[in-house]
Amino acid sequence: VQKDFLLSSSLSSITMATLEPPNDILELLRSSLEETSIEAALGGEEILGYVAFLAAGLADTNEFEATVWEESLTPYLTSLVADNTSKTIESFRAATEMTIVGVDDAESYGDEDDDGAEELCDLRFNLAYGGKILLHQTKLRLLRGHRYGLVGTNGAGKTTLMTAINKGKLDGWPHQLHTHYADSGSNVDPEYEARIVLADLEETTKRSKEDCIEIMQMLKFTDIMMHGTIGALSGGWQMKLRLIRAVLLRPDILLLDEPTNHLDAKTVEWFTSYLQNLHETTVITVSHDTPFMENICTDIIHYEQRANWGPYRKLVHYKGKMSDFVKKQPQAKHYFELSTTDLKFKFPEPGRLEGIRTSTQKFLEMANVDFRYAGSSVNQLNDINLKMSLSSRVAILGANGAGKTTLVKMIVGETQPSNVHAGSKFYIHQNLRVAYVAQHAFHHVEQHIENAPASYIQWRFKDGYDKEKLESEAFKLGPEEEQAIKDFNLEAIWSRRMRAGKLEYEVKKVNIREKDNKYYSRDELMAMGFEKLIKQTDEKIAAKDAGLDLRPTTTTEIQKHLDDFGLEQEFGTYGKIRGLSGGQKVKLVLAAAMWNCPHLLVLDEPTNYLDREALGALSAALNEWGGSVLMISHNKEFYSSVCKEEWIVADGKVVVQGVSNEREMKAVARKKKFDKELADDEILDKVGGNMNANGDKYKDATTNFWGATVSKKEGRNYEKAKKKGDVPKMREVLQIPMNKVMPGHEELGDGKTIP
């Protein structure tokens with residue numbers, strides 16, 4: 001009696017009876033209790049009202065953790081159901097969750113129909129990355145021998161979940177299970193790549209040397225590959241090695257992150273067959289290769305967000321293949337149709353390429369070209385004959401190790417033909433801007449993992465050219481070239497011009513006056529050993545021609561650019577690269593590559609890591625874009641949606657099949673003029689402080705009428721004339737003939753009359 005009196009007094013002191021809990025929650029509580037219990041306790045109705053009020057608060061925050069409910073409600077319900085409080089609270093909690101959240105997700109996991117398979121785990125957990133909640137109070141139930149496809153958008157947390165499973169970090173995870181995570185290889189680890197292939201495989205799998213060699217030989221590994229370093233293998237062979245390791249380990253749960261990345265069709269077929277015949281291993285796969293997923297999956301686990309779940313996602317299970325899942329979730333049809341996506345990418349148009357007047361005029365030509373690696377006795381590629389124009393849309397196809405990436409590296413200028421001075425022709429337009437998204441493009445991005453994506457682009461392009469590109473091995477000056485520069489007393493190359501059909505470079509020497517600068521032909525400078533210095537100069541001139549010297553690298557301008565590639569402000573400005581998913585990193589790498597408005601976009605396995613929606617957006621953007629496309633891809637669905645021309649690389653030869661259709665000439669615009677961020681005094685000028693400020697009426701000078709870059713001296717003279725509005729002087733600096741109008745500088749007129 002004393003206990004009931006004290007409890008009743010306590011409740012009255014905080015006016016519990018005045019609280020009005022939601023009627024539906026109160027009714028759920030009543031149904032979980034026996035009527036006799038309510039009537040037997042003093043203050044029973046007040047207790048019920050307060051408990052229902054507490055439960056409503058927990059439900060509003062989507063908190064349905066059983067232990068939280070028991071800790072919160074037990075002190076008040078003990079007097080009503082002293083003998084069975086825990087059972088009553090759990091019944092109340094489950095009923096409330098079903099009402100608020102909807103049909104219990106446990107039901108969708110097929111608890112009743114498990115095919116007699118052994119249950120490996122049945123968990124309910126939360127998952128977060130940094131300060132972001134990825135999954136809230138979700139269920140995961142896995143059965144032995146089932147093959148689950150893990151499906152969700154880029155950034156949903158698929159890789160984070162698989163990492164947590166592999167490390168046993170989920171609440172209630174059964175640690176007796178042996179898991180193995182075969183990652184996508186997106187992170188470059190120098191220590192790992194320095195290991196010997198066969199020795200590492202023996203050590204990590206604890207299998208015999210004979211077992212390791214047998215499966216490697218089945219997948220066509222040569223003795224040289226087996227006894228070489230992992231880093232010497234191409235992306236495709238490294239992926240094969242990761243899969244071989246997974247096969248030899250025979251885990252209870254095999255976690256696969258983009259397992260078909262870089263793989264040729266025959267290897268994908270072998271691995272598909274292997275997975276289909278697994279009966280004791282449970283497989284969880286993340287892949288954007290829909291045909292592969294359709295062939296292997298017995299179940300789909302989908303990252304799902306519903307209105308009654310609030311802002312959080314849960315995992316929802318669907319029995320059957322990918323096609324069965326899409327029938328139940330029609331909004332996911334982009335997994336089978338690239339064109340159904342609502343996401344849009346927007347690529348910047350390439351701009352004018354000097355001397356190129358039509359979309360079919362070639363900017364690259366290779367004739368009788370050979371390539372051989374240093375120290376090799378045989379050519380990797382022989383007698384290559386290729387052409388490219390702005391209309392070119394080309395897919396490079398071939399088996400792993402055939403030489404596809406080797407060919408691409410020649411085209412982007414990272415390597416030179418081995419017979420460049422012996423009967424071959426290798427022409428690339430000197431002003432061609434190339435965006436190269438390589439297989440291991442993440443390597444550079446991950447050197448900035450603590451920075452925001454916008455900060456990375458700002459660092460890379462703040463000087464008006466691609467700093468990362470000029471610091472790469474393809475452009476970096478070697479000791480011999482640095483010594484040649486010192487011996488020649490060369491201070492810098494100032495400009496470039498076309499004279500009598502030949503490129504000439506203005507050379508400034510140390511302690512020599514500017515007016516005494518001399519021009520040297522490209523061949524002369526190459527003969528002196530200035531190859532990398534010329535490449536750097538050409539790259540800077542091409543960047544200036546694209547307007548990178550004018551384009552502001554403010555966070556606002558960069559975020560606008562990132563928006564065009566589907567990387568929202570949450571990730572682009574306020575997030576860190578460390579927190580990006582694989583697909584989001586691809587978007588960042590692609591956006592950074594396109595900052596300089598390239599004429600040629602080279603993609604090495606572009607379908608890796610991107611989700612299906614992003615692939616559809618990429619396909620649509622490439623088809624709208626006015627530049628040339630060259631890609632290496634094993635995804636026929638994707639490359640055939642863009643490319644009508646194929647280069648087949650096999651046995652050291654390149655065979656051309658198909659023809660790229662002529663496209664609209666969009667590379668015609670001159671240098672883009674960007675709005676400047678004005679200082680305070682400049683803002684005053686704009687509102688009337690200086691009525692004579694007319695310099696913004698005319699565009700800056702970068703190249704003259706004939707396509708040659710203006711020198712610094714000419715540039716200063718142009719700026720002076722521009723401030724005064726001296727049109728005749730500006731025309732003189734730009735060498736515009738009488739009666740001619742210079743494209744991009746129409747405001748200077750034709751010379752007859754002053755505009």
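More than 12 heavy atoms of other residues, nucleotides or ligands lie within 6.0 Å of NZ in Lys328, so this atom counts as buried by the packing criterion. Within 6.0 Å of atom CD in Gln447, more than 12 heavy atoms from other residues, nucleotides or ligands are found, so the atom counts as buried in its surroundings. Atom CD of Glu624 sits in a sparse spot, with 12 or fewer heavy atoms from other residues, nucleotides or ligands closer than 6.0 Å.
In plain terms, the two heavy atoms of Pro348 and Trp625 that are nearest each other are O-NE1, 2.8 Å. The minimum heavy-atom distance linking Arg207 with Leu248 is given by the pair NH1-O, 2.6 Å. Residue Pro174 comes nearest to Leu120 through the heavy atom pair CG-O, 3.4 Å, listed as atom of the first residue, atom of the second, then distance. Of all heavy-atom pairs spanning Met631 and Leu622, the tightest one is CE-CD1, 4.2 Å. Considering every non-hydrogen atom in both Thr96 and Ala59, the closest pair reads CG2-CB, 4.3 Å. The nearest pair of heavy atoms linking Gly236 to Leu263 is O-CD2, 3.6 Å.
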_Verdict with reasoning, Lys139 to Asp122, per salt bridge (Lys or Arg N to Asp or Glu O under 4.0 Å)_ = CA-CA 7 Å; Lys139 181 183 175 68; Asp122 188 2; 2.3 Å; yes
_Audit row: Thr267, Asp264, side-chain hydrogen bond (donor to acceptor under 3.5 Å, both in side chains) steps and yes/no_ = CA-CA 6 Å; Thr267 306; Asp264 55 49; 2.8 Å; yes
*Stepwise side chain to side chain contact (heavy atoms under 4.5 Å, CB included) check, Ile577 with Tyr456*: CA-CA 9 Å; Ile577 293 174; Tyr456 162 68; 3.9 Å; yes
*Given Glu119 and Arg141, is the salt bridge (Lys or Arg N to Asp or Glu O under 4.0 Å) satisfied, shown in steps?*
CA-CA 8 Å; Glu119 181 182 274; Arg141 181 172 185 260; 2.6 Å; yes
*Before giving the answer on side-chain hydrogen bond (donor to acceptor under 3.5 Å, both in side chains), spell out for Asp324 and Tyr318 the whole-Å C-alpha distance, their side-chain angles and the decisive distance to 0.1 Å.*
CA-CA 8 Å; Asp324 298 320; Tyr318 295 86; over 6 Å; no
*List the steps, then state whether side chain to side chain contact (heavy atoms under 4.5 Å, CB included) holds for Ser287 with Glu258.*
CA-CA 5 Å; Ser287 176; Glu258 300 292 353; 4.0 Å; yes
*Do Trp270 and Leu275 pass the side chain to side chain contact (heavy atoms under 4.5 Å, CB included) test, and can you show the C-alpha distance, the side-chain angles, and the key distance before you say yes or no?*
CA-CA 9 Å; Trp270 162 79; Leu275 293 177; over 6 Å; no
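Atom CD1 of residue Ile296 and atom CE of residue Met322 lie 10.5 Å apart, to the nearest 0.5 angstrom. Of the inter-residue distances, the one linking Arg242 atom CZ with Asp257 atom CG reads 10.0 Å to the nearest 0.5 angstrom. The CG atom of Leu254 sits 9.0 Å away from atom CD1 of Ile284, with the distance rounded to the nearest 0.5 Å. Once rounded to the nearest 0.5 Å, the distance linking CD of Glu637 with NE2 of His634 reads 16.0 Å. Note that CG of Leu123 is 6.5 Å distant from CG of Leu170, once rounded to the nearest 0.5 Å. Between Asn126 atom CG and Thr138 atom OG1 the span is 9.0 Å, to the nearest 0.5 Å.
A heavy-atom distance below 4.5 Å is found between the side chains of Tyr303 and Leu135. The closest side-chain heavy-atom distance from Leu397 to Val649 is not below 4.5 Å. Proximity of His146 to Lys319: side-chain heavy atoms (C-beta onward) are separated by under 4.5 Å at one or more points. Annotation: side chain of Tyr312 is not in contact with side chain of Gln137 (no heavy-atom distance under 4.5 Å). Using a 4.5 Å heavy-atom cutoff, the side chains of Leu140 and Ile301 are in contact. Side-chain contact between Leu630 and Tyr436 is absent, with no heavy atoms from C-beta onward closer than 4.5 Å. Side-chain contact between Ser581 and Thr159 is absent, with no heavy atoms from C-beta onward closer than 4.5 Å. With contacts defined as side-chain heavy-atom distances shorter than 4.5 Å, the pair Ser633/Leu603 does not qualify.
Ring geometry for Tyr274 against Phe271 counts as parallel: the plane angle stays under 30°, on a 0 to 90° scale with 60° as the upper cut. By the 30° and 60° cut-offs, the orientation of the rings of Trp237 relative to Phe221 is perpendicular.
Side-chain atoms of Ser323 and Glu294 include a donor-acceptor pair closer than 3.5 Å. Inspection of the Thr555 and Thr573 side chains reveals no N or O donor paired with an N or O acceptor under 3.5 Å. Side-chain N/O atoms of Gln458 and Thr553 include no donor and acceptor closer than 3.5 Å. For the residue pair Asp604 and Thr405, a side-chain donor N or O sits within less than 3.5 Å of a side-chain acceptor on the partner. For Asn295 and Thr272, the side-chain atoms include no donor-acceptor pair closer than 3.5 Å. Between the side chains of His302 and Gln329, no donor-acceptor pair of N or O atoms lies under 3.5 Å.
Formation of a donor-acceptor pair under 3.5 Å by the Lys404 side chain with backbone atoms of Gly401 is not found in this model. When atom types are taken as modelled, the side chain of Glu118 and the backbone of Arg144 share no donor-acceptor pair closer than 3.5 angstrom. In this structure, the side chain of Tyr129 does not engage the main chain of Leu580 through any donor-acceptor pair within 3.5 Å. With hydrogens and angles ignored, the 3.5 Å screen pairs no side-chain donor or acceptor of Ser619 with any backbone N or O of Leu615. Checked by atom type and distance alone, the side chain of Glu202 never pairs as donor or acceptor with a backbone atom of Cys212 at under 3.5 Å. Checking side-chain atoms of Ser455 against main-chain N and O of Asn451 turns up no donor-acceptor pair under 3.5 Å.
Here the options are Val286, Leu255, Leu256, Ile300, the test is side-chain contact (heavy atoms from CB on, under 4.5 Å), and the partner is Leu150; only Val286 passes. Among the candidates Asn166, Thr282, Leu249, the single residue satisfying the side-chain contact (heavy atoms from CB on, under 4.5 Å) test with Thr179 is Asn166.
A salt bridge links Lys576 to Glu450: at least one charged side-chain nitrogen sits closer than 4.0 Å to a carboxylate oxygen. In summary, Asp200 and Arg245 engage in a salt bridge, as defined by a charged side-chain N under 4.0 Å from a carboxylate O. Using a cut-off of 4.0 Å between Lys/Arg side-chain N and Asp/Glu carboxylate O, Lys266 and Glu269 are scored as not salt-bridged. Between Arg313 and Glu304 no salt bridge is recorded (no basic side-chain N to carboxylate O distance below 4.0 Å). Here Asp299 does not pair with Arg147 in a salt bridge; the nearest charged N to carboxylate O distance is not below 4.0 Å. A salt bridge links Arg460 with Asp466: the closest approach of a Lys/Arg side-chain nitrogen to an acidic carboxylate oxygen falls below 4.0 angstrom.
Contacts classified as ring pair (Phe, Tyr, Trp, His ring centres under 6.0 Å) and involving residues 568-588 (residues at least two apart or in different chains) are not found.
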